[in-house]
2 protein chains.
Amino acid sequence: MAKTSQAAGLHRASLAKLHDLDAALELMYYGWRGMTLEADDYLAKQGLSRPHHRILYVVARRPDIAIGALIEILGISKQALNRPLNLLLERKLLTSKRSPEQHRSKLLRLTDAGKRIEQRASDHERKVLRAAFDRAGAPGAAAWMAVMGAIADNN
Amino acid sequence: MAKTSQAAGLHRASLAKLHDLDAALELMYYGWRGMTLEADDYLAKQGLSRPHHRILYVVARRPDIAIGALIEILGISKQALNRPLNLLLERKLLTSKRSPEQHRSKLLRLTDAGKRIEQRASDHERKVLRAAFDRAGAPGAAAWMAVMGAIADNN
DNA sequence: CCCGTCATGTCAACTACGTTGACTTGAGAC
DNA sequence: GTCTCAAGTCAACGTAGTTGACATGACGGG
């Protein structure tokens, strides 16, 4: 796994603004990085990375999810899922059991160790968001959510 | 170059919220994707991808930037910069000239074709932001900027 | 004039993350 | 018994990044 850290900093570059929305555009870039920086650092120390976290995050919120459903949510191929998923199983951060009746699908679930790592990694991200929301106040946070929703739902 | 497109859609998955900030966390993820989806699609059609766009974006805002400075802003190694940069030069989207006095550095500049592609790709991203800001109104947009700034500057 | 340094360029080897295509295995349904 | 479905696996590939080592050309000083 790569050294995703980069020493945690990498000051925002100051570039001339050619358009009125350039500042916003760059904020999206640096915002993503600001949110994920510490989490990626923590994950790297565990020998994990973002794809592993994505799996842990989804399984945490959908216990007993089948592999096919996980593939669909993550939007990657089963071959791409294979490697990180197996690592998580080997490390016993996830368990897979065959469903009692639907014996052809496997149901994924976090172990306690898996839950701990998922929570700590996500906590790093939530901590950053919480600090920003606290500074902005509830109305600011609500506005942020509304704008992000509109951006996310662009199709 | 990969098919970054994925048919432009990939509905947001509905996951149970374990924490109050999970919704915000997911919005950051899907927001980034929502903003970049069409731009990546456009770039893929030009046989380019995100790293190329990052180069074009920076050079557009820092004409006559030297390679070393570009490397620093992008935060990647010169070896990593090499491939995409050379492609852009070959395609004549960028020009490089040696500086008159400081003859050891090379100065990068966009050609007209480079400017056009940079602008169109960035326009796709700005279009998404503009739509979201229009829906939220000026105060909402300002709040979004403030929150994103706080998130980005987390260290 | 030579030497060191600086900016750039390039080669090789590696890791990670993703793709497509082809094939296997095991379970269920008819 | 055959067909289908979920999952697993293998091979080959593309792209994006890394580190390490080394070459080249320009400049500055002794």
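One interatomic measurement links the two molecules: CG of B:D40 to P of D:dG14, which rounds to 20 Å at whole-angstrom precision. The CG-C1' distance, from B:N86 to C:dT8, rounds to 11 Å in whole Å. A:I55 places its CD1 atom 12 Å from the C1' atom of C:dC17, with the value rounded to the nearest Å. Taking atom CG of residue A:L85 and atom P of nucleotide D:dA7, one finds them 11 Å apart after rounding to whole Å. We find that CG of A:D64 is positioned 17 Å from P of D:dA6, with the value rounded to whole Å. Whole-Å rounding puts the A:L48 CG to C:dT15 C1' distance at 15 Å. The separation between A:I76 atom CD1 and D:dG8 atom P is 13 Å, rounded to whole Å. For the pair A:K97 NZ and C:dG26 P, the interatomic distance rounds to 22 Å; values are reported in whole Å.
Heavy-atom distances to DNA chain C give each of A:Q79 and A:P51 a nearest nucleotide, and the one nearer the 5′ end belongs to A:P51. Nearest-nucleotide positions on DNA chain D for B:K78 and B:P84 put B:P84 closer to the 5' end.
A:S96 contributes no side-chain N or O that, together with a main-chain N or O of A:L107, makes up a donor-acceptor pair within less than 3.5 Å.
In this structure, of C:dG18, D:dG8, C:dT10, it is D:dG8 that holds the atom nearest to the side chain of A:I67.
Contact check, B:S77 against D:dT18: a side-chain N or O comes under 4.0 Å of OP1 or OP2. Using a 4.0 Å cut-off, some side-chain N or O of B:K106 falls inside it from OP1 or OP2 of C:dG9.
Between A:H53 and A:L48 there is no side-chain heavy-atom pair separated by less than 4.5 Å.
A salt bridge does not link A:R54 with A:E125: every distance from a Lys NZ or Arg NE/NH1/NH2 to an Asp or Glu carboxylate oxygen is 4.0 Å or more.
B:G31 and A:M28 make their closest contact through O-CE, 4.0 Å (heavy atoms, listed as atom of the first residue, atom of the second, distance).
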